[in-house]
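The structure appears right after this line, and notes come after that.
The model shown is predicted, which means the values in this text are computed figures rather than measured ones. Counting starts at 1 for both ligands and their atoms, in listed order. The first residue in the sequence is number 1, and the count goes up from there.
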Amino acid sequence: MAKITFLGAAGTVTGSKYLVEAGGKRLLVDCGLFEGSKELNQRNWEKFSIDPATIDWVVLTHAHIDHTGYLPRLVRDGFRGPIYANAATHELCGLLLPDSAHLQEEEAQFAAKKKYSSHNPPLPLYTVVESQHALQQFREIPRSEAFTISPQFSVRPHDAGHILGSSWLELTVTENSKQTLVVFSGDLGRYGQPILNDPESPARADFLLCESTYGDRDHPAGSAADILADVISRTAKRGGAVVIPAFAVDRTQLLMYYLRELEDERRIPHLPVYIDSPMAINVTALYGSHHEDHRLQFQREEQSGKRDPLNLLQVHLTPSVEDSKKINDVVSPCIIISASGMATGGRILHHLARRLPDSRSTVLLVGYQAEGTRGRALQDGAQYLRIFGEEVPVRAQVVEIGQLSAHAGRSELLRWLSGLQAPPQQTFLVHGEPAALTSLREAIAAQFHWNITIPAWLQSFGF
Ligand SMILES: [Zn+2]
């Protein structure tokens, strides 16, 4: 009997890992890091529930760390098989995995200095060198054609419209000549966005795994551009800075797109924009080479008379740490876009430490903020935020723009599901916090009358 085991993103949004077993072979779909609370982080350190050396292949839906960030550890602990991903996902992982390793190393060094780690001496979960080892095991698969992994497994990726390269996967599992179609939603994006394509819908699934990040709510209606224009203009008038924790992949480019549009329409003052994330700078360059994944039209300015869609008037790319620190000295109004998107680490921390105590400034939250992160604490109205071991007072305005989310809202999830021509034998809701999971289960039951399961962490199902 074939079997699926939920090794992550079961009852939580992070740590996506699904083990599919058939004909004595093991395929892992996604290999994400748990992120957020201390308890979730701890899971990354526990012994992996099966011996990584016994896994034959990994296949990835997209490059986000909560879907790929455990790969270096898996490889370090004995996984030697190919890691299948499309070209954009491969290139993004080439940036994201070493960066994740770098953050782990920095945190271990910092913990050693401040003596607050439970490991003695403090260790990184994996090193930059170990992340490079994982990257050597990547093998590129087509963007949308079927790809045969083995006699047991064949996979067909479809555009999920969530980030560059993001896919949902149609996995055909063959055991004893019985074929079962298992659909993995990965993370689903939005409809009608300016940069990415709409998510394609599945037509058929025997087993379906559907993400539920926003299973309990829709994104607010209304234009992201209008809110951005309003917040930026008001903050500039007060003489403050707009600080935006943003994921380097896609959220930063979407912000650049909207800012350029607002500049063109003269709806915001001409402010310096700091893209303070070496990764965001590198990721932006990838948009020029992966046209299959987005709607942007890059053209030579002198030919078209128009600016490129991501070309801002006063943009400062600050790859070096020195330049990043100099942004602290900027006292006139400016916009600072920096990672990480949930303020769990990275350069955004020193910008928050500098700007949060300033009541003229604004912190703009533009993406999902997981439980236990600093971003969530800000969203929930925290008065103080712990950064670099200090309590930083929150006097800046905190504004959330839900319209800029990279994740399908509840009705968009239902719209994606409505493509299925027949009910799946079993639908598993994953990648959501408990309230989102139960709420989406009720919505699906009401609209489609399907069998729904919310799997627990480490639970297995035969098929
Ligand atoms: Zn994602």
Answer whether the closest heavy-atom distance between the side chains of L259 and I335 falls below 4.5 Å.
yes
Give the ring-plane orientation class for F207 versus F463, where under 30° counts as parallel, over 60° as perpendicular and anything between as tilted.
tilted
Please state whether the rings of H67 and H62 are parallel, tilted or perpendicular, taking 30° and 60° as the class boundaries.
tilted
So which of the N, O or S atoms of D187 lies nearest the Zn ion (ligand 1)?
OD2
Does H162 put an N, O or S atom under 2.8 Å from the Zn ion (ligand 1)?
yes
Atom CD in E130, atom CG in L125: separation rounded to 0.5 Å?
9.0 Å
Looking at H64, which of its N, O or S atoms is the nearest one to the Zn ion (ligand 1)?
ND1
